[in-house]
Structures are given as structure tokens and as C-alpha cells.
Amino acid sequence: MLDKHYDHNLVEKGKYENWKDKGYFLAGDKSKDPFCIVIPPPNVTGKLHLGHVMDTVTQDIIARYKRMKGYDVLYVPGMDHAGIATQAKVEARLRKEGVSRYDLGREKFLEKAWEWKKEYADFIHTQWAKVGISVDYSRERFTLDEGLSEAVKKVFVTLYNEGLIYQGEKIINWDPELRTALSNVEVIHSDDPGEFYYFKYRVEGSDKVLIVATTRPETMFGDTAIFVNPKDKRYADLVGKKAINPANGEPLPIMADEYVDIDFGTGAMKCTPAHDPNDFLLGKKYNFPFIKCLDECAKMNEKAGKYQGMDRYECRKALVKDIEEAGNLDHIEHIIHSVGHSERSNAVVEPMLSKQWFVKMKPLAERVLKQQKSKDKVEFFPARFEKVLLRWMNNVEDWCVSRQLWWGHRIPAYYNKETGEVLVSEKAPDMNLYTQDEDVLDTWFSSALWPFSTLGWPNTEAPDFKRYYPTDCLVTGYDIIFFWVSRMIFQGEHFTDKAPFKKVLIHGLIRDEQGRKMSKTLGNGIDPIDVIDKYGVDALRYFITTNSTPGLDMRYSDEKLASSEAYLNKIWNATRYVESVLGEDFKEEKLDYKDLDTLERFILSRLESTIKKVESKMESYQFASASEYLYDFVYDDFCSFYLEMSKVSLNDEKKASKVKNVLYKVIKEIILLLYPYTPFVCEELYLSLPFHKDSIMEETYPQYIASFHSPKAEKEGMLLAKMIKDVRAYKASKKMAPNAPLTLTLSPKAPFKGIEDYLTRFLFAKEIKVLPEGKGDSLVYNGLTLFLELDIGKGELLASLNKEKEAILFEINRSEKMLSNPGFLAKAPKEKIAVEREKLEENKAKLAEIESRLSKI
RNA sequence: GGAUGCUUAGCUCAGCGGGAGAGCAUCGCCCUUACAAGGCGGGGGUCGUAGGUUCGAAACCUACAGCAUCCACCA
């Protein structure tokens, strides 16, 4: 017997371990069709947050649903080494101990990183268990494990040999704190306040003074020219002359190029080819020297003369002061401008000329663009997110993949100690002759291979790869479409000739109750474990997957969690009640439809249509709609109506056994339909049913039975519900107690036989008069209900009938207006017209009855 | 500068071509033997603004406004 209240702590206890131990999460049943989902591997940088819960629970719902539908489901778990992110964390931890990574050296540092990894992997495992995700642990992978490292090497070497990876000197984004290069997507731009310094440049051989503005005076030591627009009349006479750099007194040629915007600043621009991407292009075009004046920590180097050794901002301040003192500062403008910050260290990114490894993106992107036009394209849910992918693919720049870090896949490039010649190879050459490249790969380089590297690739004969690839569905947030989804697609297509997944389900972010992004700086993050302790994991799973629209952000809400928990409590108690009704000696019988009464037919018909609707929404990943259909059925049709009504028929010994069987079927199927969302409580309820397998995980999804569909029974049931509702409303409006006794008159045309019993019980009718056949016809009472009349006074009845008449007339008017519209008749679908006609007829009949009643008063 | 999304009841949000919905809040009545973490019954919305398409628009189109996000540029 279930307890009176649903206690999530008791319910959750031991279930996950049991499922895991029994092997329910393991894939490999060859008698079934395969279905595969890979987890987006969480970073081993910290605890999982609510975003992870939304992500993994969504996958888990799909996995559990598909298992019930008879698929051999492989849900692959794993984690990401998260190169720069993890290294930043480990370094931060070391810094607290007063140690830098350089103090430790590469090897010792990596030991520390692995310790960190283990610590956080344990944490993540605990959280996965708590959340209940049904992953196959026998296939768990880590991006730095051996197999995945093989895949990484294979990809790097192949791309290199195909000319799609090259080493080059370009302007990259440099993180001076972590001292590594970054890719474009790892730079976060924010609008920060800053200064726009207008400096005076003396022009050689002229008495003119040229005013040039810059936001970064410290880079003036790397300047090689001043540019103006060739159409700019103000400066036409100066082109070809030289201006004196007020920072170091060097003469700079004044040149003209279309690139310069006449209206921006003074229209004259300094050119720093080694510290600005646009200036770099100009530098290439005009063959300038590339003068770096900053080192890898963003400190001034020897080019900065007396400022050498200063931090870039320190130098800026000192330099501006010196220029001002020399009388060369025109003015300072305070501006808001976009500044790039490192995603991980938040340091202001320094664009810097640097030799790095790049992936040539054009050919890879073109293949994706082509594939997305074919029938084998990756299908996005919601569809609009495909545009995000296409836009990125259309505008890709080469991908800087080398990182000056230690934690990651070391680049398989080797340099001949004598000649310096590069050798790129999966196998290390004789290390007496060669040294390996010091750098590691961008962490996304390995994540990009995740859907196939986890399944055994590059061994294309690996059983999992053959059976489960391409995977079926990828679930992830819109925030990593560029980082991850796009890269998996191009690598997948390039290396396996197939898109790595058929469908991509994109979800939004979870925000705090005020709608703000959860962030460490705001301190508004919510720990999923706290939520689980308070409301239970099932309530969290239910809330987080059914209160959002695909692709849109959602807000965390304590209220909605409480309401989710209340819903589970409702089902808990409905089950408890049904079980108490079934009793010890309940026998399951096959339902013979012919033997069933109206209300049993009603609830079964509603159940079947619910199954159909829920299933169709599950298939299109519309979990909010699916759960809403189920919710309505559970509350309105089952708990509020049928469960109550069945109390009448259960008293009838002849009917009791059939009713029990119906109750059993309905409650069981409710539990099964809900199970993918809230597996813990559903397992508990399932196991408490009189007949069950070892676990709900052995069950199949409820089967839609078309023959149980009965519009007639549904209509009759709804009429009864409406009669009850109307009389209750009447009582409430008259300030009568709900259980105040009444006398009712029932028409012989009442919806179905035996209806009096229900009216007696639920309306507290002390007497029900049934009019003799052929006399009285159908009756109309107060609301819209036919077939029923209250024993009330004449005046009241008159008022009530008139009110009713008014409402009906409004409806008739509406229908007639529609049906007399030639446009409607000509263009509306014929089913719609038929429905309107039917409504009109019904209402006309009602009106006639009301009038007949009125005439008799 | 380009793109996308949002604007619906007091709050949080569904609905996205055929009579305005849910949860919570609110008001009234009920400890009715599954559930007071409950039940029953109410009140509450010219669906951001203005045009257009359509027989019919909250829904489709266009413009505008506000909010949010992403991309690019910013010497």
C-alpha cells in the first residue's frame, strides 16, 4: 500500500543503482532497431548546472521513450577535457598555493590536471545518477582517452595531407593571461567605456599638423604608416609626405587607401600591421614590416623604448601623459566601444601576429552547405536554427586550432632538430632527431569528432560505429551551434561521408526568476541538487522539460516546481486510490468492449485519443504539448470525472469487476505515458500495481487501440459532466451548500441509462423524477444542459430560461451570419461548413425547446 | 550595420488561420472515506501599435515601437 503522501526522498532511493545494476541502460539487443544519442560531453570544470539538467533530461526522455517503443537505444555518456577552461581552473587552484604552471613544468602540471579531472568526473557521475539519465556506462568516453586521441591524430594528419591544415603567421586573438591563441568564437565582445585619443602628427616638409585618433596608443610603436582615403580632399596634398609618430619620433609615410572611412575619427588612420587584423591586411598589401611591440603577456617589448617592460595599460597612461606634455595631444574623447575578452580568463584579448596552425574552412563549409540542400540534410528542431548554421558556414574564417596550453591533445607535428623541417605524423618519429610541437589542439577539435570517435572511429569496422552511426538525434543549446554543432557536421561529413546525426533538437537557456542569465558574477546560479532535495528529481525533470517552448529560453520558477510536485502527488494518490479499490483479490481480465457501460467507454475513448496525441507530440519533440495533453486527461477526464463517477458503478457488484479492470488499465497507462519524464515516481507506482514486471523499464509504450474510440460515449460522458457542473454552479450562485439536497426532473431522453445514480450521488439529489416516455421531451435548465430540470420556482425558471435563450440566440446569430456569407460558403473547407450547419441545427433545436418550455409556464 | 526571437489574464507562459487557454495568484463555498501539497464554483484579456492579405487573423504579410539574443565592424 502506498503512503498517503508522495515522498520523493523515499521514492528516489536506490532506483537508479538498481536500473544500472540490472543492465537496463546497456545497449546491444540486435533483435531491435538501433537508436543512438550521444551526450554533449560536459566539461570537467565544475558541477553540472540547471542547463545541463535540461539538456540531459531532454535526451533521457527521448532515450526512455524510444526504449519503450521497442528500439535498442544507445545513449553514450562521456566528458570533455575542455582544454583551456580546465587549464584555467587548475592554474587558478595552483595560484592559490602560490605556484605557477611554469614552476611545475609540463609533466607535473598534467598530473595535477588529471587529478582535477578525476575529482570532477566523480562529481558529474554522482549528478548524472541523481538526475536519472539512462546512459550506457560500458561505453563511456573521455575526449583525452586513447581511442579518441587516435581519432584526433588521424583527423589532424589527414587534413594536413589534404592541405586543409596549414601553419601560418596571421593575426590571431591572444589571451595574455593564459598566454595562448584563441579562435574567433572564444572571444566575447562587450561594449566597454574607453578613450579615443586624438594626437597631433607633425608633417615633414609642411607646416600642417595631421590629427590621428586611436584607442590604443601603446601600439603606436608598431605603426608603419598613416592612411587616408584617396577621395578625402582634406589630406590630398599630404599623401606621399611623412608624418612624425609622436610616440617615438619615427617618420611614417602618409598613404591613401579606399579602406579608410572618411567620416570616422579625423579620416586619418594609423596602421599597425602586427596588432590589428585590418591593418595586417594593409600591411600585406603594401609590404610593410610587421612590428610587434607587445610580448606574450601583453607587456611592452624593446620596440617601446623607455616604456619597455610596462604593462600595456601602464604604458598607455604614461605615453599619453608624455605626448600631452610634448604638446601633441589634441583632445580625448570618451567613447563606448566593443572590446574582445577571453571567454575563459576574461582578459582583454590582444590581436597579435603569431604563427599558428589553422584549418582551412572553405572546402569543409562548402560541403556542408551543399549537403544541407540535399535530402540527407541535418534537420533542425525548431527549423529556424538551420539558418544560424548556414550563416556561419557562409562566412567562416579559417579556424585557429593551436593553443599554447598543456592540457589537451598535443599537435602531432614534429620538427627536425637540424633542418627545422616539419613532419606531421600519427606515429612519433625518432625523438632523437625530432622535437614535437609544444602546442595542443583547441578542445573543440576533439569535440567535433564526438559522435563518431565515441563509437569506435577511425576503425570503420568497429561494431558500434557500424550499428549506431550516424546517430539519430542531437540535443543541445543554441549557444553552441557555432562551437560544436557546426564543427561536428563538417568533420562528420568530411570523414564519414555522412552527417553525424539526423536531427538536431535545439533548446534555449534557463534563466533565473528575474529572467537574467545565471552567472557566477551575479551569484544567481541555482544548484540542481538543492532543487532536487526540495522538490524531487522527478518534479525538476518535469518542470524543466515541459515548461518551455523548443528553442526559447525559460525561467526557473519555484512555483512551477511546486506545481509539478503537486501533479505527481495527484497521480500518486489516484494510483493509491485505484489500488485500494482493486483490493487483494483483483484479477486482470481482458476487456470486452461490448460489455462496457457508457462511462467506461467514455474514459477508454479519451485514453486512446490521449495516447495518440501524446505519442505524436513525443515524435516531434514537443514535450510541453505532449505533457499538457496527458495532464488534461489525468486531471479532468480521469481524476475529476471518471474516478468520481466510477464510485457509483463500483457499488454495483455486477459492474464492479469490469470497472476495476478499466481503472487498472487507465492508471497503468497514465503511469507509462508519464514515465519518460518522471521515471523514479513512475517506477515506484508501477511496482505497486497488482501485476507488473521487474521494472517499468521492461514495459512497452501504451498501444493505441482504435476500436476503443467512441465519439458517442465521449459525447454522453461530457453531457453528464456538464449536467453536474451546471447544477453545482447553480448551487454556488445561490449560496447553497454543495451538498444541499435537491429535487430534479429528468427527461426520458437523458443521455444514457442509469444516469440517475450519478446525479443522485454527485448532486445530492434527494429525488429524481423521470418524466414518462413521450411526455415532457427534453428539458432545459439554467445553463446549457438538456434533459434536466431543477425543482425551482416559476419566476426563477423563467429568468433562467430567458438567459439561456439569449445565449442560444447569440450563437444562432453567429452561425447564420457565417453561413449566409457567400465567401464562407464558397471558400471555407466543407467540413468546416458542415460543422457550422450542425451547430446551427442543434442550437435551433435547443431554442425550440426553450420556447416550448417558456410557453408552458 | 546584418540576423533571429519575444510582446496574450496580476505574474510566468502555451496556443500560431475557424468561437481566447494553463499554472500560480485572487474571490466564494467545502476537512465529500485517493489527494487540504486537496475538492467544487467564480472573477479577470479590444492577444504591443498601425496598415494589409483572407469568407474569417492572436495566429499570415508589411511598417513601427519596446525588450532580448547572436553575428560583423568600430583606426
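- Here B/rA34 is the nucleotide among B/rA34, B/rG23, B/rG18 with the atom lying nearest to any side-chain atom of A/Glu644.
- Heavy atoms of A/Arg814 sit under 4.0 angstrom from at least one base atom.
- For the C1' atoms, the distance from B/rG18 to B/rA57 is 10 Å, rounded to whole Å.
- To the nearest angstrom, P of B/rA72 lies 11 Å from CD1 of A/Ile188.
- The pair A/Glu836-A/Arg814 counts as a salt bridge, with a side-chain nitrogen and a carboxylate oxygen less than 4.0 angstrom apart.
- Between the CG atom of A/Asn739 and the C1' atom of B/rG39 there is a distance of 13 Å, rounded to whole Å.
- B/rA34 makes up no base pair with any nucleotide shown, lacking Watson-Crick or G-U wobble contacts both under 3.5 Å.
- Of the candidates B/rU12, B/rA3, B/rG41, B/rG41 carries the atom nearest the A/Ala732 side chain, counting heavy atoms from C-beta on.
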Please walk me through it: do A/Lys722 and A/Asp726 pass salt bridge (charged side-chain N to carboxylate O under 4.0 Å, His left out)?
CA-CA 6 Å; A/Lys722 182 120 186 64; A/Asp726 283 348; 3.2 Å; yes
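- Nearest to the side chain of A/His5, among B/rA37, B/rA75, B/rU54, sits B/rA37.
- The CZ atom of A/Phe633 sits 19 Å away from the C1' atom of B/rA22 (whole-angstrom rounding).
- When heavy atoms are screened at a 4.0 angstrom cut-off, A/Tyr635 is found touching the sugar-phosphate backbone but no base atom.
- Distance from the side chain of A/Ser563 is smallest to B/rG23 among B/rG41, B/rA37, B/rG23.
- Relative ring orientation between A/Phe381 and A/Tyr621 is described as perpendicular, the plane-to-plane angle rising above 60° on a 0-90° scale split at 30° and 60°.
- The CD atom of A/Glu513 sits 11 Å away from the P atom of B/rC13 (whole-angstrom rounding).
- Across B/rG2 and B/rU49, the matching P atoms stand 26 Å from one another, rounded to whole Å.
- As the counterpart of B/rA68, B/rU4 is assigned, both hydrogen-bonding distances of the Watson-Crick or G-U wobble pattern falling under 3.5 Å.
- Taking the six-membered ring for Trp, A/Tyr286 and A/Phe227 have ring centres closer than 6.0 Å.
- Classified by interplanar angle (parallel below 30°, tilted 30° to 60°, perpendicular above 60°), the ring pair A/Tyr197/A/Phe199 is parallel.
- Aromatic ring orientation, A/Phe638 versus A/Tyr642: parallel (interplanar angle below 30°, classes split at 30° and 60°).
- Here, B/rU12 and B/rU7 have their P atoms 12 Å apart, quoted to the whole Å.
- The side chain of A/Phe482 lies closest to B/rC70, out of B/rC70, B/rA34, B/rC35.
- For A/Arg384, whose side chain is taken as the heavy atoms from C-beta onward, the closest listed nucleotide among B/rA34, B/rG5, B/rA75 is B/rG5.
- Among the protein residues, A/Lys4 comes within range of the sugar-phosphate backbone only, with heavy atoms under 4.0 Å from sugar or phosphate atoms but none that close to a base.
- Nucleic acid contact for A/Asp261: base, since at least one base atom lies under 4.0 Å from a heavy atom of the residue.
- Distances from the side chain of A/Ala729 to the nucleotides B/rA75, B/rG42, B/rG15 place B/rG42 closest.
- Across all strands shown, B/rC16 forms no Watson-Crick or G-U wobble pair with both key distances under 3.5 Å.
- Pair assignment for B/rU62 gives B/rA50, based on Watson-Crick or G-U wobble hydrogen-bonding distances that are each under 3.5 Å.
- Rounded to a whole angstrom, the distance from the P atom of B/rU46 to that of B/rG10 is 8 Å.
- Of the listed nucleotides (B/rC13, B/rA34, B/rC55), B/rC55 has the atom at the smallest distance from the side chain of A/Asn821.
- Closest to the A/Arg511 side chain, of the nucleotides B/rA34, B/rU69, B/rG38, is B/rU69.
- Here B/rC55 is the nucleotide among B/rC55, B/rG5, B/rA68 with the atom lying nearest to any side-chain atom of A/Ala828.
- Partner assigned to B/rC29 is B/rG39, using Watson-Crick or G-U wobble distances below 3.5 angstrom.
- With both ends at atom P, the span from B/rU4 to B/rC11 equals 29 Å, rounded to whole Å.
- Within the shown strands, B/rG10 is the pairing partner of B/rC24 under the Watson-Crick or G-U definition, both distances less than 3.5 Å.
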